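Heads up: the structure comes next, in structure tokens.
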Amino acid sequence: MAARTRLPLLFPKNLPPFRNQRLAHTEAAVKEPAYPPIIPSLTAKSKSARGRQVDEQVQKICASPVEEKISLITRIQRMKFVVYPQTFARNADTWYQHFTKTAYIPGLPEKYTLSPERDTGGEEEQPAAAQTTVPGVGHDGFTEIRSLVTRVILQEHWQLRNRAPFLYRKQEQTVGPFLRNLVTGLSFSLAKYNPLFLSSSLDIDPNVHFYWRRGQTIIPKGHRRGRQEPTRFQIDDRPNSQIRITEQLPQFISLEDSYAAEVQEVTLSPSVMPLFRRQYDNNMFTGAKLPDPACYGHTQFHLVPDRYHRDRMARLQQSDQVEVFLRANALTSLFAWTGAQAMYQGFWNHEDVTRPFVSQAVITDGKFFSFFCYQLNTVALSVETDANNPRKNLLWGTESLQLYDSVQDGEVVGLNDDVLKLLVQFLMNKQ
Amino acid sequence: MFPETAQCLKAAAPLFSQTVLLKDLSRLSTHGGGSHLQARRHLSISRCLTSKVRPVRTPRERVEIPGLEAVTYGEKMHYVPGLSKPFHPQWERSYKDPGHYRAPPAHEMPLFKDRSCFVFNQRTSALEGVLQALWLTKTKLISSLPPQLLSLSENPANQIPDQDERVQNAIKHARFWDTTEERPGKERYSNTMMVNLLHLCATLQSSHPAIGRRTQAEKCSLATTWRRGEDLFQIRGQNGLLHTCMDPLPEVSGKQEVSDTADHVLETFYPVSPTINLQKVNVYKEEMNCSGFRDDYPYPHAHTLFFLEGADANCKLRPDQFRAKMLMFTFGNALVRAQKLYGPQRVLDRPVTVQAVGTNGRIFQFMVFQLNTTDLSGDDGIKNQVWLDEDVELYDFAKVRPLIQRKQVKVPAGLAGYKPEAFSKFLSLYLHGAV
């Protein structure tokens with residue numbers, strides 16, 4: 001037939017030429033692969049097999065419920081560095097910033113305005129009561145709180161009799177109960193202004209634990225010598241008291257704004273700090289187990305023990321380390337707490353947080369108060385996940401501020417209203 | 001004693017039996033020494049245990065005869081047979097060293113008194129329990145809480161929103177969720193339970209501002225004295241958790257009931273003396289009256305005392321003895337307040353009321369004490385009153401693993417058998433005086 005008609009030599013497929021125009025805008029039909037994809041073996045003795053095993057484990061963890069996730073992540077015990085929030089090491093805050101990928105910002109976020117110091121005489125004369133009020137709490141409320149705090153201070157230091165403190169246990173025996181009374185009194189009187197406290201949970205002497213991996217080292221000795229091993233860290237903290245709430249606190253700044261912050265890098269090995277390694281149960285704990293409804297944190301209160309009291313540090317000529325100690329304490333305690341909160345919501349190393357976790361801390365030695373705010377933006381700190389992670393965690397903090405000068409003859413001398421205002425503002429933080 | 005010592009002694013027992021030892025001792029002990037009927041104990045583990053027990057020889061009495069002084073070997077500086085042992089007077093330090101201090105015997109102390117005093121402290125375990133405490137404090141017992149208190153928590157305005165659920169969460173937190181291990185220990189969970197329940201009650205402060213006029217204090221030392229018959233009694237010790245208030249508690253029973261108590265006869269438990277198990281001291285400060293705070297304390301009125309059974313690890317009190325301790329300390333706090341306000345030894349126009357709650361983590365004891373009189377010397381007259389609700393269970397079981405017997409689940413895991421009445425009584429005691 002091709003010889004009789006004038007057809008071209010090569011028989012085109014689409015004849016007539018416009019027949020297949022209705023198929024011009026559709027995609028080509030997907031052809032099902034005849035063979036399964038080529039992936040590395042699971043059991044071979046090769047690096048790709050090991051990589052596939054790790055991937056399978058990661059996917060297994062991602063697919064399981066939260067309780068199983070925690071137990072799968074913390075199942076295997078290996079030697080890990082135990083990070084102590086209250087440590088004697090010098091310049092501990094730079095080290096801890098590197099371990100937890102936290103940037104320190106001096107001062108507090110814009111939410112908490114710290115008014116400049118004024119004399120008490122000037123304050124009373126000025127009729128505008130703007131300086132002595134906190135937004136949300138009226139002037140009367142603030143005077144009530146002021147008198148409550150005065151009474152609590154007096155109760156502990158003046159009224160209570162027959163208690164000669166042991167050597168080096170003065171903080172534990174006098175300031176500990178004072179702090180507990182202060183926290184309970186303040187949280188209940190502020191409950192009418194901050195409805196979060198009505199459903200909150202107050203823990204006395206709780207445990208907070210967190211376990212994470214960051215960086216890697218070469219194994220120096222043993223049958224695995226020369227290979228890379230991730231460095232593991234564990235924090236075991238015991239704050240004096242903490243308030244846990246049922247709803248999350250709002251973020252201070254957005255995740256993207258944290259990209260600009262700088263974290264100090266430390267190239268030395270953690271054992272130089274000095275930090276020591278031990279092997280025991282890897283725990284992740286906010287203060288209560290998973291089924292507790294109050295799973296988010298509000299504020300922690302820490303006590304400076306006698307060993308790190310500023311008078312003793314002055315005797316040892318280490319007065320510059322006082323602020324460093326407070327910063328390091330706040331950093332680790334809050335990182336552990338927010339990290340554990342994120343873990344309870346199912347976020348871990350390979351599943352980074354989708355919303356920032358925020359908590360606050362107040363560290364005191366009875367007279368000097370320091371306030372810290374922490375925003376956890378990332379938990380992906382291990383080598384595989386940190387390579388392209390621009391997010392950083394943020395810590396805001398103040399220097400230590402004096403609440404009162406002294407207690408004389410049944411009177412509190414020099415009660416600082418600004419510090420009190422800041423404390424009230426901290427506790428008033430809500431949705 | 002260490003377990004190794006006990007084991008060594010048990011192993012050594014057949015080596016020398018008690019009977020052989022006693023016979024030896026009775027033969028060896030002469031008329032001079034005292035009777036050594038009890039075997040001396042070998043409390044060291046490193047010594048040989050099979051040696052013969054050497055009898056204790058009391059040193060010979062030294063007799064001083066003024067005309068005849070003994071010739072001693074003191075000047076020779078070495079022992080000489082035949083000369084007597086030199087006598088050296090006891091050396092006393094000229095300075096005060098707190099590390100080496102020997103207390104003088106009781107009769108040489110400056111506070112020594114001939115008349116002994118019976119002291120009730122926080123480790124006293126009274127034999128007759130509540131009966132003994134009632135006799136000592138001249139109190140009449142009523143076995144249930146006063147009805148006006150119980151009606152406080154039935155009023156819906158005084159209830160916490162979602163009360164049952166929140167109390168159950170509080171119990172679960174104290175019993176299960178407070179630790180990384182499977183379950184927290186008894187001391188920890190009873191303390192956490194108390195703190196959690198108080199936290200729940202205190203959230204009512206926004207609707208009941210009078211609760212803001214209270215504060216809490218731990219470890220304040222109580223000391224008070226009273227006379228009963230010919231004996232002097234004192235209460236000393238640390239209270240446990242104490243809630244104090246700016247305003248006094250209202251009285252629970254009216255004047256008619258108070259005067260009716262004069263007909264009540266106190267129960268005695270002859271032949272047991274009412275002072276049994278109380279610590280008898282001859283060195284004490286008379287007229288001790290101290291509540292633990294200074295006089296200008298802004299919260300002087302004791303509101304509620306909280307006792308935990310496991311607070312003292314060395315002292316395990318049985319339930320009756322625990323209730324007796326609660327009663328005595330509540331009475332002590334009330335007496336201190338009354339003596340400060342009205343002075344000693346009289347019938348009070350305005351009775352002083354103090355409450356107490358005791359628990360072991362599951363079972364609660366509620367007590368309301370009303371002090372009507374500080375005149376406690378005689379057995380007749382107006383008595384004080386106590387309303388005691390004992391052994392109120394908050395829940396039946398809080399088990400981490402279910403109890404399975406013969407392949408049937410007898411008690412499920414988790415909290416089982418929650419009873420809301422216990423918490424309503426707790427809440428009504430808390431709100432008393434604030435509503």
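Treat the numbers as computed from the prediction; the structure is a model and nothing was measured. Lettering of chains follows the sequences in order, A, B, ..., and the numbering in each one begins at 1.
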Requested in this report: Sort out for me which of B/I160, B/N169, B/T179, B/T192 touches chain A most, counting heavy-atom pairs under 4.5 Å.
Outcome: B/T179
Requested in this report: Heavy atoms only, distances under 4.5 angstrom: which of A/S199, A/A294, A/G410, A/P206 has the most pairs with chain B? Name it, please.
Outcome: A/S199
Query - NZ (A/K430) with more than 12 external heavy atoms under 6.0 Å - result: yes
Query - Spacing of A/Q155 atom CD and B/T215 atom OG1 [to the nearest 0.5 Å] - result: 4.0 Å
Report summary line: Correct closest heavy-atom pair for A/S200 and B/H199 would be O-NE2, 3.1 Å
Query raised in the report: For atom CD of A/Q279, is the number of surrounding heavy atoms from other residues, nucleotides or ligands below 6.0 Å larger than 12?
Result: yes
Query - Segment of A/F197 engaging chain B (4.5 angstrom heavy-atom cut-off) - result: backbone
Query - A/Q77 CD: over 12 foreign heavy atoms closer than 6.0 Å - result: yes
**Report entry** Spacing of CG belonging to A/L190 relative to OG belonging to B/S206, to within rounding of 0.5 Å
**Finding:** 11.5 Å
Query raised in the report: Counting heavy atoms not belonging to B/K285, are there more than 12 under 6.0 Å from its NZ?
Result: no
Requested in this report: May I ask you to check whether over 12 heavy atoms, not counting those of A/R238, lie within 6.0 Å of atom CZ?
Outcome: yes
Query - Segment of B/R188 engaging chain A (4.5 angstrom heavy-atom cut-off) - result: side chain
Report task. Measure distances from B/D178 to the heavy atoms of chain A and classify the residue's part below 4.5 Å as side chain, backbone, both or neither. Result -> both
Query - Minimum heavy-atom distance between A/F285 and B/W177, given as atom pair plus value - result: CZ-O, 3.5 Å
Query - Contact origin within B/N196 toward chain A - heavy atom pairs under 4.5 Å - result: side chain
Query raised in the report: Nearest 0.5 Å, what's the CE-CD1 distance between B/M194 and A/I204?
Result: 13.5 Å
Report task. Measure distances from A/S187 to the heavy atoms of chain B and classify the residue's part below 4.5 Å as side chain, backbone, both or neither. Result -> neither
Report task. Sort B/Q205 into side chain, backbone, both or neither according to what part of it lies under 4.5 angstrom from a heavy atom of chain A. Result -> side chain
Report summary line: Taken to the nearest 0.5 Å, the spacing of A/N207 CG from B/E181 CD works out to 8.5 Å
Query - Rounded distance (nearest 0.5 Å) linking atom OG1 of B/T203 with atom NZ of A/K192 - result: 13.0 Å
Requested in this report: Quick one: pull up CG in A/N282 and OG1 in B/T180 and give me the separation to the nearest 0.5 Å.
Outcome: 11.5 Å
Query raised in the report: Is a donor on one side and an acceptor on the other found under 3.5 Å between the side chain of B/H173 and the backbone of A/D203?
Result: no
Requested in this report: Answer yes or no: does atom OH of B/Y418 have more than 12 heavy-atom neighbours from other residues, nucleotides or ligands under 6.0 Å?
Outcome: yes
Query - Verdict with reasoning, A/R180 to B/E218, per side-chain contact (heavy atoms from CB on, under 4.5 Å) - result: CA-CA 11 Å; A/R180 276 196 288 272; B/E218 298 164 34; 3.7 Å; yes
Query raised in the report: Where the side chain of B/K172 meets the backbone of A/D292, is there a donor-acceptor pair that is under 3.5 Å apart?
Result: no
Requested in this report: Select one option (side chain, backbone, both, neither) describing which atoms of B/F176 are under 4.5 Å from chain A's heavy atoms.
Outcome: backbone
